[in-house]
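Notes follow the structure.
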Amino acid sequence: MKQRLEPLPERDADASFKALARTLASLSRPQDVAAFLEDLCTPAEIEAMVDRWRVVPLLLEGVPYREIHERTQVSVTTIGRVARTLERGAGGYAIAARQLPSSRQKASH
């Protein structure tokens, strides 16, 4: 991860992070979000985010790490990190996962 010689003051970093979050939330069409992410992120950053997101539904379904790895080719280390974040993170994965069509269908049954 990029390290600044002198980090931004925490208040400035937090304000910038929240501004980025507001910008993402303001984009209502998936193709607009995709274009923004392609401009904002490197291909490696996008690949890392896609890998993390691909394993979230599988973890929520209780699929074992090794099977997730076999299905997705995402490293077991990354799968473990995502699992820990699902358990102890800010709750963003769970919020986003509830928006998935398959999650809504399961919740209604």
Next item on the list: Taking all non-hydrogen atoms of both residues into account, name the closest pair between Leu27 and Asp32 and its distance.
Entry: CD1-O, 4.0 Å

Notebook entry, point to check: Honestly curious: do Leu100 and Val50 fall in one hydrophobic cluster under the side-chain, below-4.5 Å linking rule?
Noted result: no

Note to self: When you group the ILVMFWY residues by side-chain heavy-atom contacts below 4.5 Å and let the links chain together, are Val76 and Leu60 in the same group?
What the structure shows: yes

List, one per line, each side-chain donor-acceptor pair under 3.5 Å for residues 86-93, sequence neighbours excluded.
none

Note to self: Is there a path of hydrophobic side-chain contacts, each under 4.5 Å between heavy atoms of I/L/V/M/F/W/Y residues, joining Met49 to Leu59?
What the structure shows: no

Check: Taking the side chain as C-beta and beyond, is there a heavy-atom pair between Leu20 and Phe36 under 4.5 Å?
Finding: yes

Check: Do Arg54 side-chain atoms and Thr72 backbone N/O form a donor-acceptor pair below 3.5 Å?
Finding: yes

Margin query: Side-chain heavy atoms nearer than 4.5 Å, only ILVMFWY residues, links allowed to pass through others: does that put Leu24 and Leu40 together?
Written below: yes

Check: When you check the gap from the basic side-chain N to the acidic O, do Glu67 and Arg71 get nearer than 4.0 Å?
Finding: yes

Notebook entry, point to check: Which atom names give the shortest non-hydrogen contact between Ala96 and Trp53, and what distance separates them?
Noted result: CB-CH2, 3.5 Å

Check: Got a second to check how far His69's NE2 is from Gln73's CD, nearest 0.5 Å?
Finding: 5.0 Å

Note to self: Do Thr78 and Ser75 pair up side chain to side chain, a donor and an acceptor below 3.5 Å, judged on atom types alone?
What the structure shows: yes

Notebook entry, point to check: If you take all heavy atoms of Tyr65 and Gly80, which pair is closest and at what distance?
Noted result: CE2-CA, 3.7 Å

Check: So which of Asp51, Ile68, Val63 actually passes side chain to side chain contact (heavy atoms under 4.5 Å, CB included) with Ile79?
Finding: Ile68

